[in-house]
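A short worksheet on the structure shown next.
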Number of protein chains: 2
Amino acid sequence: MDETTAVRAMSALAHAHRLAIFRTLIAAGPSGLSAGEVARAVGIGATSLSFHMKELDRAGLTRSWRVGRFIRSSVEVEAVRRLFGFLVDDCCQGRPELCGGGLTANAVVCCGQDDNESNR
Amino acid sequence: MDETTAVRAMSALAHAHRLAIFRTLIAAGPSGLSAGEVARAVGIGATSLSFHMKELDRAGLTRSWRVGRFIRSSVEVEAVRRLFGFLVDDCCQGRPELCGGGLTANAVVCCGQDDNESNR
DNA sequence: TTGATATTGCAAGAATTATTGAAATATGGG
DNA sequence: CCCATATTTCAATAATTCTTGCAATATCAA
């Protein structure tokens with residue numbers, strides 16, 4: 001993960017609607033939701049959802065795929081993990097004796113090692 | 001953590017200079033760095049650093065305190081933990097059977113339970 | 001093919017955020 | 001008290017991002 005990628009990801013989450021979309025999709029799990037379902041859940045219009053969903057996809061935080069007339073989207077769990085890692089991986093320069101707890105940076109997100117089939 | 005707080009935190013990190021500042025401070029650990037040291041490390045001017053540092057402080061991601069003529073800043077590790085949690089805590093609606101790995105959302109950052117004295 | 005549903009693209013204005021240097025403030029040392 | 005260092009404030013400009021409705025595209029079902 002480079003800085004540009006990380007900034008793009010943070011920017012994608014730095015918006016009330018997109019954060020709500022992201023959290024809605026995190027809750028939905030690997031099978032995701034259709035654009036319409038997300039728009040309804042978040043309370044925004046189709047145009048607005050499309051705009052914001054595209055931002056999340058572009059940032060690599062979500063993935064979208066077509067199922068008939070619907071576009072389903074879900075969170076790219078691995079990307080979230082990499083993002084968290086990028087933020088904190090150099091914590092205390094990796095010298096735990098500088099810190100109290102002394103854990104090396106680590107971020108774990110639900111849904112295991114990412115891809116768990118479902119209807120992708 | 002509410003949505004407004006989370007958006008403010010993500011916005012604070014959604015900028016190349018501020019992300020660099022944040023990561024520099026994460027690496028520095030609880031004792032932090034002075035504004036000048038950060039500015040030099042990141043390669044920006046004093047005015048610019050002051051502007052961006054204030055954003056990080058305002059977002060609650062960092063804390064700053066005066067030591068003589070210097071202002072030192074360090075990362076608020078607990079705030080980072082809460083932010084990560086807010087992003088992923090509802091993962092798969094807390095129903096691990098929907099996910100492969102089945103972990104509940106969890107984000108761990110170095111430096112233990114936050115405050116480890118040093119020169120605060 | 002036609003109609004209905006689902007989603008995206010476009011364009012212009014509105015709003016927010018970033019950049020810059022110069023001046024102002026705070027502190028410690030002599 | 002005066003000077004040098006460290007940081008912040010101010011103000012104007014520049015740049016980016018958001019919002020909105022409507023038209024366009026894609027797919028399915030009849």
Side-chain angles (χ1 to χ4, degrees), chain A residues 3-22 24-25 28 31-75 119-120, chain B residues 3-25 28 31-74 119-120:
Chain A
E3 185 169 279
T4 302
T5 305
V7 168
R8 193 169 292 157
M10 301 307 293
S11 298
L13 294 173
H15 185 282
H17 290 164
R18 288 194 296 264
L19 188 56
I21 293 167
F22 177 89
T24 298
L25 290 177
S31 59
L33 293 173
S34 72
E37 290 171 316
V38 176
R40 242 166 282 126
V42 172
I44 61 179
T47 295
S48 180
L49 181 94
S50 176
F51 173 79
H52 292 303
M53 197 71 241
K54 190 168 53 175
E55 287 294 297
L56 287 166
D57 280 357
R58 203 170 61 88
L61 291 169
T62 55
R63 165 190 298 195
S64 299
W65 66 99
R66 179 176 286 276
V67 178
R69 284 185 265 198
F70 302 84
I71 305 285
R72 298 191 73 83
S73 304
S74 69
V75 170
N119 49 5
R120 296 253 162 116
Chain B
E3 187 170 278
T4 302
T5 304
V7 168
R8 193 169 293 156
M10 301 307 293
S11 298
L13 294 173
H15 184 282
H17 290 164
R18 287 194 296 263
L19 189 57
I21 293 168
F22 178 88
R23 300 214 315 142
T24 298
L25 291 178
S31 57
L33 294 173
S34 72
E37 290 172 316
V38 176
R40 242 166 284 127
V42 172
I44 61 179
T47 296
S48 180
L49 180 93
S50 176
F51 173 79
H52 292 303
M53 197 71 241
K54 190 167 54 173
E55 286 294 296
L56 288 166
D57 280 357
R58 204 170 61 88
L61 291 169
T62 55
R63 164 190 298 196
S64 298
W65 65 100
R66 179 177 284 275
V67 178
R69 286 187 263 199
F70 303 85
I71 304 284
R72 297 190 74 82
S73 304
S74 70
N119 49 5
R120 294 248 165 120

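Throughout, protein chains are lettered first and strands after them, A, B, ... in sequence-line order, and every chain is numbered starting at 1.
- Listed nucleotides D:dA6, D:dT19, C:dT8 differ in distance to A:I71; the shortest reach to its side chain belongs to C:dT8.
- Of the candidates C:dA26, C:dT19, D:dT19, the closest approach to any side-chain atom of B:R66 belongs to C:dA26.
- In terms of polar N and O atoms assigned as donor or acceptor, the side chain of A:T47 comes within less than 3.5 Å of the base of D:dC22 in a complementary pairing.
- The aromatic rings of B:H17 and B:H52 sit perpendicular to each other, their planes meeting at more than 60°, with 30° as the lower class boundary.
- Across C:dT27, D:dC28, D:dT19, the shortest atom-to-atom separation from the side chain of A:R69 is found for D:dC28.
- Comparing C:dT7, D:dT7, D:dT19 against the side chain of A:S34 picks out C:dT7 as the nearest.
- Counting only distance, with no hydrogens or angles, the side chain of A:R18 and the backbone of A:A12 share a donor-acceptor pair below 3.5 Å.
- Nearest-nucleotide mapping onto DNA chain D: of A:G68 and A:A14, the residue sitting toward the 5' end is A:A14.
- Salt-bridge annotation for B:R58 and B:E55: present, with a side-chain N of the basic residue lying under 4.0 Å from a carboxylate O of the acidic one.
- Computed from coordinates, the A:D57 CG to C:dT7 C1' distance equals 13 Å when rounded to whole Å.
- Within the nucleic acid shown, B:A35 comes within 4.0 Å of sugar-phosphate atoms alone, with no base atom in reach, counting heavy atoms only.
- The 5' end of DNA chain C is approached more closely, in terms of each residue's nearest nucleotide, by A:R40 than by the other of B:R18 and A:R40.
- Close to D:dC18, at under 4.0 Å from its OP1 or OP2, lies no side-chain N or O of A:H52.
- For the pair B:R8 CZ and C:dT16 P, the interatomic distance rounds to 14 Å; values are reported in whole Å.
- Where B:S11 and A:K54 meet DNA chain C, the nucleotide closest to each residue was compared, and A:K54 sits on the side nearer the 5' end.
- Checking side-chain atoms of A:S74 against main-chain N and O of A:S31 turns up no donor-acceptor pair under 3.5 Å.
- Under 4.0 angstrom from either OP1 or OP2 of D:dT19 there lies at least one side-chain N or O belonging to A:H15.
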